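See structure below.
Residue indices begin at 1 and follow the sequence shown. Owing to the predicted nature of the structure, the values given are computational and were not obtained by experimental measurement.
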Amino acid sequence: MNQKIAGILPASRWRKLIPIAFITYSLAYLDRANYGFGAAAGLAEDLHITPAISSLLGALFFLGYFCFQVPGGIYAEKHSAKRLIFWSLILWGALATATGMVHSVALLAAIRFLLGVAESVVMPAMLIFLSHWFTREERSKANTFLFLGNPITVLWMSILSGYLVNSFGWRGMFIIEGVPAILWAFIWWRVYADRPRDAKWLSEPEKRAVENALAAEQQSIKPVKNYREAFRSPKVLALAFIHFFWNIGMYGFIMWLPSMLKSASGMGIVATGWLSAAPYLLAVPLMLGASWFSDRFQQRKAIVLLFLGLGAVCFIASFTLGATHFWISWGLLVIAGGAMYTPYGPFFAAIPEMLPRNVVAGAMSFVVCFGALGSFVGAWIVGYLNGLTGGPAASYVFMGGSLIVAVLLTAFTTFSSQATPAARTPLFTERG
């Protein structure tokens, strides 16, 4: 893109779209992360589940999540994210509620797998949706507002779930926390628009400005013929494996942090909820600051490398100190958790800048898919190691080692796009 294209990008996009993206992703995260609280609050004892089976049940979600990432992303690009996510919201809300009604391990296993299938379309569809609405200079921030649904949800969920379990038991917690997704589906259907041309709240000049800005970005990206060529790209494969090892540490941390803290501290479930919330509180300012810097200076790799490295160092230091220095170890875990969340916005902003529109949906879903596989491995192996060894030491080593691999892969991966320097200059002003 060598010349300025006249146009004004409407600021109303942020007010209209970001809240619904944030809430939808938040509800998905609520219904996937509360299993750790159920496991810490009596689910295993009531259903006579061994530690090894409990870890497998926690991980089955991610196996279902892995299977439908790429088809879901391609459907969202070629057809409609609106329709896809509407039915996904209803299905995962019903399944989350049903978790509180199970009385057999086999039924619980089926629900966990199907919950993963229902939610698998959300992350790729949302990332593709944001790439239809926000330009290179905005994309990291837009992605970050989406991903903030993760730590903010786990933050209040960690506190709320502790109180719900204390008041209604683990069954009541699952039933109550599954209902909002079903109700939200109908709000989603009413306010969502797949692309600028579908938005009734934009004027025709505003629609053209957004569409033209996004089209202009495509001119400077090297063509890719098809999905097979995209999936074989060294950059796409590198990003996929970074996400894989990153998520081993991330989701092992998310799924089993309540159980590990409860065991190490000897505190009750409500106090454990408050302790578990701290990493997610720290993640919010870190993610906002990093996304601003990434968009302002067009730095993607530097942000990912810095915060993944910080997360790995603090995680390993926490394990090294151990339970004998509980509060220092907990403080390091807080920093590690916040740092691991921080690079998501810049990381996924890099993909639409590397690949053309005809393949970016499949490539983005491919990278997300590897992350889901890493989540499955992390959630399963961490729970298995905790049960096998009777403590968290082995699982800390496993998660810390995975984060180090992710850092090393990031260091040797090029995040730069094919865009010309001219394409990186902000071309538009915003109108409120």
OG-NZ distance between S294 and K141, expressed to the nearest 0.5 angstrom: 12.0 Å
Between CG on residue L288 and CZ on residue F145, distance to nearest 0.5 Å: 5.5 Å
Under 3.5 Å: donor-acceptor pair, side chain of S88, backbone of I85: no
From CA spacing to verdict: side chain to side chain donor-acceptor pair (under 3.5 Å), R112, T99: CA-CA 8 Å; R112 290 296 298 172; T99 305; 5.6 Å; no
Within-4.5 Å side-chain heavy-atom neighbours: T153 and Y280: no
Check against side-chain contact (heavy atoms from CB on, under 4.5 Å), I23 and I187: CA-CA 11 Å; I23 292 171; I187 299 173; over 6 Å; no
Trace of the side-chain contact (heavy atoms from CB on, under 4.5 Å) decision for K235 with T414: CA-CA 7 Å; K235 287 185 180 181; T414 302; 4.3 Å; yes
Ring pair (Phe, Tyr, Trp, His ring centres under 6.0 Å) partner of F86, chosen from W184, F186, W188: F186
Salt-bridge contact E211-R208 (side-chain N to carboxylate O under 4.0 Å): no
Side-chain heavy-atom pair W92, L89 within 4.5 angstrom cut-off: yes
Within 6.0 Å of CZ in F241, more than 12 heavy atoms from elsewhere: no
Approximate separation, where rounding is to 0.5 Å, of T410 OG1 and L306 CG: 11.5 Å
Residue list, side chain to side chain contact (heavy atoms under 4.5 Å, CB included) with R228, at least two apart or on another chain: N226, R232
4.5 Å side-chain heavy-atom contact, S233 and V224: no
Pair I303-F293, side-chain contact (heavy atoms from CB on, under 4.5 Å): steps then yes or no: CA-CA 8 Å; I303 293 294; F293 182 90; 3.8 Å; yes
From F415 atom CZ to M354 atom CE, the distance as rounded to the nearest 0.5 Å: 6.0 Å
Close side-chain approach of I316 and I404, heavy atoms under 4.5 Å: yes
Heavy-atom donor-acceptor pair, E217 side chain to R136 backbone, under 3.5 Å: yes
Flag if over 12 foreign heavy atoms under 6.0 Å of OH, Y192: yes
Contact check, side chains of F297 and W292, non-hydrogen atoms, under 4.5 Å: yes
Donor-acceptor contact present, side-chain N247 to main-chain G374, <3.5 Å: no
Side chain proximity check, R13 to E206, heavy atoms < 4.5 angstrom: no
K16 charged N/C atom sitting above W133 aromatic ring, 6.0 Å / 45°: no
Cation-pi geometry met for K82 and W189 (6.0 Å, 45°): yes
Beyond-backbone contact of F66 with F370, side-chain heavy atoms, under 4.5 angstrom: no
Ring pair (Phe, Tyr, Trp, His ring centres under 6.0 Å) partners for F147, two or more places apart: Y25, Y344, F348
Side-chain (E138) to main-chain (T135) donor-acceptor, under 3.5 angstrom: yes
Partner set under ring pair (Phe, Tyr, Trp, His ring centres under 6.0 Å) for F244, not counting sequence neighbours: none
Test item: P279 and L333 side chains (from C-beta on) under 4.5 Å apart, heavy atoms: no
Set of residues satisfying side chain to side chain donor-acceptor pair (under 3.5 Å) with respect to E77, sequence neighbours excluded: H132, R195
Partner residues of W156 under the ring pair (Phe, Tyr, Trp, His ring centres under 6.0 Å) criterion, sequence neighbours left out: none
Nearest-0.5 Å distance, CD1 of residue I381 to CG of residue L385: 6.0 Å
Pair S291, S140: side-chain N/O donor-acceptor within cut-off below 3.5 Å: no
Test salt bridge (Lys or Arg N to Asp or Glu O under 4.0 Å) applied to R300 - qualifying residues, sequence neighbours left out: D295, E353
Atom CH2 of W201 with >12 non-hydrogen neighbours under 6.0 angstrom: yes
